[in-house]
Amino acid sequence: KEESSNGISGTITLYTSETLTDVQSYVDQFELLNPGTKVEIFRLGTTELTARLMTELQAGETPADVIWFADMALFEQFAQDGRLLKIQPAEAANIPESFVYFDGMAYELRLIYQIIAYNTNLVTEKIDSWFDLTDERYKGKVGSASPFVSGATVTQVASVINDDRLGWDFYKKLAANNPVVSGGNGGIARGIASGEYAIGLTIDFMARAQQEQGSPVGYCYQKEGAVYVPTPAGVMAATDNPELSTAFINYLMSVPGQLQLQANGYMPVNKNVALPKGVPSAADIPVLETDWKNLAENRESILNEYAKIFGID
Amino acid sequence: MAEIAISHLRKIYGTFTAVDDFTLNIADGEFVSILGPSGCGKTTLLRSIAGFFSVSSGEIRIGNAFAASSESRIHVPPEERNLGMVFQSYAVWPHMNVFDNVAYPLRIRKEPAAALREKVGSVLDLLKLTGSEEKYPSMMSGGQQQRIALGRALVMNPDALLLDEPLSNLDSKLREQMRFELKEIQRKLKLTILYVTHDQEEAMAVSDRIVLMNEGRIRQVDNPRDLYCRPKNLFSACFLGRSNKINGIVSAVSGNRVSLTTSFGAEVPLLAAQSSAPEEGVSATAVIRYENAELSALGSDDTVPACVVVGTYLGCYFLYEVETSFGEFVVHTDSSVTYHPGDEVFLRFTEAFIFKDED
Amino acid sequence: MAEIAISHLRKIYGTFTAVDDFTLNIADGEFVSILGPSGCGKTTLLRSIAGFFSVSSGEIRIGNAFAASSESRIHVPPEERNLGMVFQSYAVWPHMNVFDNVAYPLRIRKEPAAALREKVGSVLDLLKLTGSEEKYPSMMSGGQQQRIALGRALVMNPDALLLDEPLSNLDSKLREQMRFELKEIQRKLKLTILYVTHDQEEAMAVSDRIVLMNEGRIRQVDNPRDLYCRPKNLFSACFLGRSNKINGIVSAVSGNRVSLTTSFGAEVPLLAAQSSAPEEGVSATAVIRYENAELSALGSDDTVPACVVVGTYLGCYFLYEVETSFGEFVVHTDSSVTYHPGDEVFLRFTEAFIFKDED
Amino acid sequence: MYLKSSFLSRDSRKIGITVLVYGVLLILFIYPILHLVTAAFTRDGAFSCGNMLEIVGNESNLRALKNSLVLGIAVTAIAVPLALVFSWLVVRTDLHARRFFRTALVVPFFIPPFIMAFAWTRLLGNAGYVNVFLQNLFQLDSPLFSIYGAGGVILVSVIYTYPYSFIVLSRSIENMGAHLEEAALISGAGKGRVLRDIVLPVLLPSVASSAMIVFVTTISMFGIPALLGTPGRFIVVTTRIYGYIGGFRDPNGIGIATGLSLLLLVIAGMAQSVQALMTRFDRYSTITGKSAPMEPVRLGPFRLPLTILVALFVLMVVFGPLAAILVTSLTRALGLPLSPENMTLAHYRTLAGMGLVQRSFRNSLGLAVIVPSLITLAAVLLVYLRRNKRVYGHQFIDHIVSLPYAVPGIVIGVAMILSWIHPVLGVSIYNTIWILALAYIVRFMIFPMRTIDASWKQIDSSLEEAARISGRKNFGVLRDISMPLLRSGISSGWLLAFMPALTELTLSILLYSPGNETIGVTAFNVMEEGLVPVAGAYAMAIVMIVLILQMLHGRFFEMNRMNKNRKKRNYG
Ligand SMILES: Nc1ncnc2c1ncn2[C@@H]1O[C@H](COP(=O)(O)OP(=O)(O)OP(=O)(O)O)[C@@H](O)[C@H]1O
Ligand SMILES: Nc1ncnc2c1ncn2[C@@H]1O[C@H](COP(=O)(O)OP(=O)(O)OP(=O)(O)O)[C@@H](O)[C@H]1O
Ligand SMILES: [Mg+2]
Ligand SMILES: [Mg+2]
């Protein structure tokens with residue numbers, strides 16, 4: 001059985017909520033670079049993915065070797081429970097310290113932010129602040145993902161309430177503008193593109209994707225700070241092929257992998273890879289502080305509070 | 001309270017003509033029966049009058065309004081024709097109990113509850129169904145279901161009643177009472193009734209006129225007596241009552257004395273009914289009803305010898321099968337005298353319907 | 001080819017007893033008819049013999065094997081009883097055409113194709129259904145569907161045939177032929193036949209014995225003639241044939257000359273049928289068949305005066321309704337002499353069944 | 001005596017059959033549900049009613065429960081009568097173009113629900129074509145109406161569920177001979193009364209069954225309430241369930257979610273009982289031993305108006321969304337004005353290019369043929385055994401098989417994982433296509449069970465008795481008489497299971513594995529990519545394929561019907 005240069009081989013399964021074609025592109029390249037390896041993609045929305053993963057773990061086994069999705073809290077829990085394998089990929093040297101989580105149990109592979117996007121046909125004013133969402137003009141035309149579906153929005157809540165310029169008051173104001181709180185960020189991006197919503201909160205690369213397809217979409221990083229949405233990737237401790245799993249994550253952090261990410265419109269973390277055009281560098285993007293501790297401790301009450309404010313409890 | 005005028009009615013199923021060129025006027029308050037072999041189009045006729053389908057051609061008038069007309073493309077829906085009907089297949093509603101089945105037409109007419117209960121009650125009483133009000137059709141016997149169907153038609157008083165073998169599954173006692181009641185109701189309400197039955201005696205008893213149908217066409221329309229005594233054609237003669245048939249050549253005619261020579265060369269002396277006038281030499285068919293022949297122990301010039309084969313007892317009379325020179329022959333005598341198989345007897349023909357064979 | 005022995009059969013629907021303590025032995029190859037008012041339990045009886053439900057009590061033997069027995073909890077499923085049945089509701093299969101309906105029992109018996117086609121062909125021929133092989137039941141008239149049901153029962157040769165009003169929707173001609181054919185087949189194959197009908201004449205003509213039922217119980221079992229001439233009870237006397245009823249006190253008896261005094265005080269001179277022997281002084285009911293009375297223009301000591309109300313023509317005879325001192329009375333005379341409403345006539349009673357009233 | 005023996009063996013056979021049937025039901029149906037029960041009553045490893053207490057203690061859940069009930073009842077109360085009227089019109093009357101309408105009215109059923117929901121937002125949403133059109137028409141600056149909230153959810157749910165009922169009723173009405181209606185007409189009843197007084201009650205078994213299906217479908221449905229309800233503050237149990245599973249990371253999330261699901265199970269169980277109670281008598285034989293002709297009822301003056309009404313409905317409800325999807329699939333990108341230069345077929349090319357798409361079509365078509373056929377056959381046998389009391393405790397079977405359909409797909413998915421992740425009896429079906437097949441079997445069994453049971457209630461027993469007296473044994477009778485007469489129930493049961501088996505999402509997404517993607521999963525992922533136009537193209541492709549299948553199936557069906565009509569053959 002053929003072995004690739006660096007002696008890795010076999011098959012691993014990747015659980016991720018990254019969009020399919022993107023992941024496919026990384027995997028294709030990886031398999032090309034490492035003949036004899038195979039990465040099987042299992043792609044789901046965050047909710048279903050976590051549901052399946054948790055259930056499998058409860059039952060005692062999961063096919064997952066590498067996991068990669070935007071639910072920091074779950075990763076943290078896994079890290080504590082020792083479900084994650086501590087790895088030192090060579091490329092880790094090329095990414096900022098801050099993107100190495102739980103000392104090496106998980107890594108950030110690219111940066112995404114939850115930002116404000118808008119439909120350029122419906123919104124002509126300059127948009128740059130969270131408070132544009134509370135603007136009378138957009139009453140009933142504001143879209144936001146539901147924290148019960150979108151992990152990113154949970155992060156958003158944890159960040160907004162942690163910021164004294166915004167806090168719960170902001171949500172109260174927003175609620176007064178009766179926004180459409182539903183589904184995931186993808187749906188919001190679509191809604192904005194189609195004009196269903198004039199303006200809304202979604203993920204930057206999604207807005208960018210719609211732009212590239214030619215939809216009338218614009219977006220901005222809020223001046224008060226966008227929501228940085230960590231999307232950790234890690235190796236399950238129970239994997240039967242740690243080498244290959246590590247190699248895959250290593251590839252994603254390596255220049256070829258990062259270039260691929262960049263080509264797909266993401267902000268790379270590897271300092272040797274340039275940003276996609278028209279995208280500010282992480283340094284220039286103001287970011288809200290996320291209170292992970294508070295979230296971990298009071299997740300339920302926080303979400304209930306949110307739900308109450310938006311009447312979706 | 002309406003006359004029904006049917007003219008040149010035709011109903012074609014695919015390629016099969018079920019009713020053909022049917023013309024009949026039924027007077028207001030008249031009781032007309034339809035007799036005919038199974039499958040001759042009786043039900044189809046009733047269904048066209050009820051208006052369940054559009055006729056292939058011809059027209060139907062009920063009262064003085066067109067109910068259906070093929071050329072002027074009129075079709076009054078059944079619910080507006082104000083007719084009552086008893087379906088041959090009962091068509092009782094399985095999900096309603098006896099009472100509701102019968103009460104339905106009244107409910108439609110928004111009959112006040114009290115009057116409704118009273119009317120339905122009396123009808124059920126008449127039908128001997130009192131006590132079964134709460135039962136559902138699936139718990140009723142065939143005859144009881146038929147009575148439900150009848151009750152449903154009787155309870156409403158329509159302009160005309162279409163009855164399709166409404167008593168076929170009732171015992172003769174009940175049947176007789178029912179037909180008596182029907183007649184009463186009809187007299188009282190001046191109902192026009194179109195009545196399909198296979199029971200000739202019934203038809204005779206209740207009808208003002210009888211329509212004799214065959215293969216979708218009218219063969220004869222007459223009052224019971226004329227129909228029975230003066231059949232206009234071979235079919236009528238044979239279909240009504242029970243009779244023997246003799247084929248032969250008319251060998252001699254004097255007045256209504258006719259003698260027929262059968263293919264076996266036997267001479268049969270007959271008394272022709274006035275209705276039919278045969279000429280000498282033609283080949284003809286004689287229809288002799290069972291009751292129009294007599295058996296006697298001693299012969300005369302107008303008798304033929306015969307030998308008793310078997311006698312069947314039929315309550316009020318005997319049926320004798322006798323062997324003659326021109327084949328088997330059935331006679332019908334009252335139960336006073338009895339003969340036994342093998343007895344030599346003589347056969348006299350009191351009346352015969354003789355028709356020239358068309359070839 | 002099997003006798004059927006029914007003993008103390010009882011069938012209860014919920015609280016309603018449809019058949020009660022029914023005991024009857026039907027000999028191998030016997031033709032037994034069941035007569036009875038609508039709803040008296042005939043169908044229920046046949047269905048218990050067929051085995052569609054388990055009987056409430058009693059037992060049924062077919063051939064020399066138990067088919068059903070309540071105490072020893074035996075219940076042989078219908079398919080193992082080798083019976084043929086015509087359902088009162090036809091039960092023709094709507095998804096099969098005429099041919100397949102009739103052929104079905106043979107298909108089950110794995111009849112070779114040729115023989116099958118031949119047998120079905122001949123049955124259809126007998127039923128006058130040739131040419132309709134391809135038609136589906138919904139394209140057939142009521143009578144035609146009934147014939148399909150009959151054909152299905154005739155084509156298989158079972159040990160016994162259960163026929164539930166198999167001819168009720170056929171015209172009299174066809175009906176007569178059919179019952180003749182039935183008799184033939186039965187003779188040929190020595191079939192045991194249990195035959196439910198409402199046509200008394202039919203029953204008389206074909207049956208070896210007739211069972212008279214009422215309200216689930218047997219009232220009388222006899223050969224046709226005895227049943228008709230020697231009714232054992234009031235019900236039998238009234239149910240069979242058509243008759244008048246006179247209530248009164250037996251005022252004088254000499255031999256079989258009996259005179260009855262009605263509540264109106266009228267004296268009615270009767271000839272008691274030997275079967276019934278009344279004593280003087282008891283209150284009794286006399287049953288006088290229509291044909292057991294005569295009308296004559298001149299009276300004698302054994303006649304009572306009457307006045308013609310109406311005469312109905314019934315083909316082979318007249319039915320006269322006359323008014324007498326003891327109420328309306330119906331007489332039945334052959335069509336030779338005719339009277340007219342209002343005619344003064346005299347009424348003679350040739351035979352009467354007199355039963356002591358039980359009170 | 002052979003008689004006695006046959007009698008004895010009957011009893012022992014009954015025991016054998018019972019063991020077999022319940023054995024299978026236990027493994028396939030009860031075992032997974034048990035996992036839910038345990039999950040619901042477990043807290044940190046120990047038995048506890050905590051979840052339940054928490055559920056009833058939280059008024060949000062109670063409100064959601066109330067909403068679910070209201071939704072279920074409202075939708076059922078609207079969808080079923082609607083379906084009944086349509087069925088009667090297209091089958092029993094001389095409505096113009098009824099053949100066409102009969103097919104058209106089923107089309108909404110052929111569009112995957114989540115795409116349907118999207119299509120409706122495109123139509124009636126704030127920026128929906130309808131709203132935009134009206135806005136421009138009346139020069140309004142805000143949309144005229146919104147589909148967000150209870151009203152919208154009910155509306156779209158009705159449109160999504162009425163075909164279930166229509167498919168069942170349109171077929172069972174075929175078996176209804178004309179004479180029952182004619183008897184009412186001749187009694188003076190108008191068309192409406194005939195429908196209300198005769199058709200509805202006589203078809204009660206089918207009406208009740210389809211109502212039960214519609215009701216359960218509605219209360220266990222997630223997509224529509226999530227997309228249209230949540231924004232309008234209209235929260236139902238399923239939304240809560242997803243919240244607990246997805247949102248909170250607290251360890252009891254799953255427990256509470258399954259607890260809520262059990263509530264849905266109970267409600268469905270009640271619905272089942274009501275339905276059984278409503279139709280417990282044998283008063284519904286429409287297929288009797290006396291065949292009646294089937295002249296269509298003449299609508300007379302109403303013919304044209306009614307035709308127009310139906311046509312309008314079809315136009316709005318059937319072609320509206322289809323058009324929306326078609327347009328979306330042809331525009332270069334979302335949000336571009338509809339102008340020629342923005343039109344393209346590129347998305348269809350993209351679609352055809354995806355190997356994944358072809359693979360999922362293969363998988364789903366396979367499932368959609370095998371599963372319905374299997375469960376339809378099984379249902380015939382089960383109902384047969386139940387009717388003839390060949391099993392003990394026959395009354396429980398219905399309840400058992402309807403359980404898995406009553407809970408949201410994601411929950412039953414979880415249950416299936418817990419049940420089948422480890423090899424059972426040495427065979428491991430997890431991560432294969434067979435877990436999907438199994439899941440579909442369990443989840444969709446309710447369809448053929450209900451429809452076949454219903455149409456069996458309409459066969460007069462004398463027809464089967466006649467076969468038995470002719471000497472045919474049990475299964476022979478089933479094959480020769482019952483099955484052909486059950487045609488309506490069988491075909492509707494099959495079709496009802498076919499569509500979801502083809503496009504099911506919520507359950508498949510948990511159970512599929514790389515290589516075994518299904519149409520639903522792939523379409524969903526494509527949607528998630530933001531490649532909405534491609535998803536649109538995908539939906540169009542699905543609809544086209546199903547329509548073609550339906551045509552073929554219809555052709556075939558037509559052929560029967562045509563020579564049925566040529567020979568005027570029909571049941572009554
Ligand atoms: N839907 C149909 N398609 C084709 N032929 C039909 C249809 N309905 C009836 N027929 C044929 O039309 C003829 C007349 O049928 P109809 O029911 O009127 O007979 P009928 O006189 O009522 O007979 P019966 O006395 O047996 O009821 C029959 O020969 C029957 O086969
Ligand atoms: N399923 C049932 N439940 C309750 N009562 C029933 C049921 N079936 C029949 N009966 C009753 O039993 C009695 C006998 O019914 P059956 O059908 O045997 O009468 P029948 O003698 O055949 O009458 P017909 O001559 O009218 O056919 C009837 O009074 C009927 O009401
Ligand atoms: Mg008829
Ligand atoms: Mg009966």
Side-chain angles (χ1 to χ4, degrees), chain B residues 13-14 16 18 35-44 88-89 128 132 135 139-147 164-165 168-176 198-201 204-205 223-225 228-229 238-242 289-292 312-317 319 332 334-335 350, chain C residues 13-14 16 18 35-44 88-89 128 132 135 139-147 164-165 168-176 198-201 204-205 223-225 228-229 238-242 289-292 312-317 319 332 334-336:
Chain B
Y13 292 111
F16 181 91
L35 282 178
S38 167
C40 72
K42 305 181 291 297
T43 299
T44 309
Q88 188 171 10
S89 56
K128 309 250 181 311
S132 310
K135 279 190 167 189
M139 309 159 80
M140 304 293 274
S141 79
Q144 291 167 327
Q145 290 185 37
Q146 189 168 42
R147 282 178 270 165
D164 199 347
E165 303 184 28
S168 58
N169 293 95
L170 304 184
D171 60 275
S172 44
K173 276 269 158 305
L174 205 51
R175 195 201 253 111
E176 210 166 329
H198 283 312
D199 183 333
Q200 301 187 358
E201 200 182 298
M204 296 265 179
N223 63 54
R225 180 159 200 175
Y228 194 81
C229 300
C238 294
F239 188 79
L240 286 177
R242 295 143 75 198
R289 299 252 164 80
Y290 290 0
E291 73 272 13
N292 289 342
T312 322
Y313 183 71
L314 293 178
C316 57
Y317 51 82
L319 215 57
H332 173 152
D334 56 24
S335 24
T350 54
Chain C
Y13 292 112
F16 181 90
L35 283 178
S38 170
C40 72
K42 304 181 292 297
T43 300
T44 308
Q88 187 171 11
S89 59
K128 309 255 183 310
S132 310
K135 276 190 165 188
M139 310 155 69
M140 306 294 274
S141 78
Q144 290 167 327
Q145 290 187 41
Q146 189 169 42
R147 281 179 271 165
D164 200 347
E165 303 182 29
S168 57
N169 293 93
L170 304 184
D171 59 276
S172 45
K173 277 266 158 308
L174 205 50
R175 196 199 256 116
E176 211 164 332
H198 284 311
D199 183 332
Q200 300 187 359
E201 199 182 300
M204 296 262 179
N223 65 55
R225 182 158 197 173
Y228 194 81
C229 301
C238 294
F239 189 77
L240 286 179
R242 293 144 75 199
R289 298 251 165 79
Y290 291 180
E291 73 273 14
N292 290 344
T312 322
Y313 183 71
L314 293 178
C316 58
Y317 50 81
L319 213 56
H332 173 155
D334 58 22
S335 26
S336 49

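Note: B:Leu170 leads B:Leu35, B:Leu170, B:Asp164, B:Thr312 in heavy-atom pairs under 4.5 Å with chain C. Interface summary for chain B: among C:Lys128, C:Met140, C:Arg147, the most heavy-atom pairs under 4.5 angstrom belong to C:Arg147. When each of C:Arg175, C:Gln88, C:Gln145 is scored by its heavy-atom pairs under 4.5 Å with chain B, the top score falls to C:Gln88. With chain B as the partner, the residue from C:Gly39, C:Gly41, C:Ala18 showing the most heavy-atom pairs under 4.5 Å is C:Gly39.
Note that CZ of C:Phe16 is 10.0 Å distant from CE of B:Met139, once rounded to the nearest 0.5 Å. Here CG of B:Asn169 is found 5.0 Å from CD of C:Glu165. Values are rounded to the nearest 0.5 Å. Taking CE of B:Met204 as the start and CG of C:Leu319 as the end, the distance is 13.0 Å to the nearest 0.5 Å.
Listed for the B:Asp171 side chain is a donor-acceptor partner under 3.5 Å among the backbone atoms of C:Ser38. The backbone N or O of C:Arg242 sits nowhere less than 3.5 Å from a side-chain atom of B:Lys173 that would complete a donor-acceptor pair. In this structure, C:His198 contributes its side chain and B:Ser172 its backbone to no donor-acceptor pair below 3.5 Å.
Contact annotation for C:Tyr13: neither backbone nor side-chain heavy atoms come within less than 4.5 Å of a heavy atom of chain B. Both the backbone and the side chain of B:Ser168 come within contact range of chain C, each with at least one heavy atom under 4.5 Å from a heavy atom of that chain. Of the atoms belonging to B:Gln144, heavy atoms from both backbone and side chain fall under 4.5 Å from chain C. Residue contact with chain C, scored on non-hydrogen atoms closer than 4.5 Å, involves the side chain of B:Glu176 exclusively.
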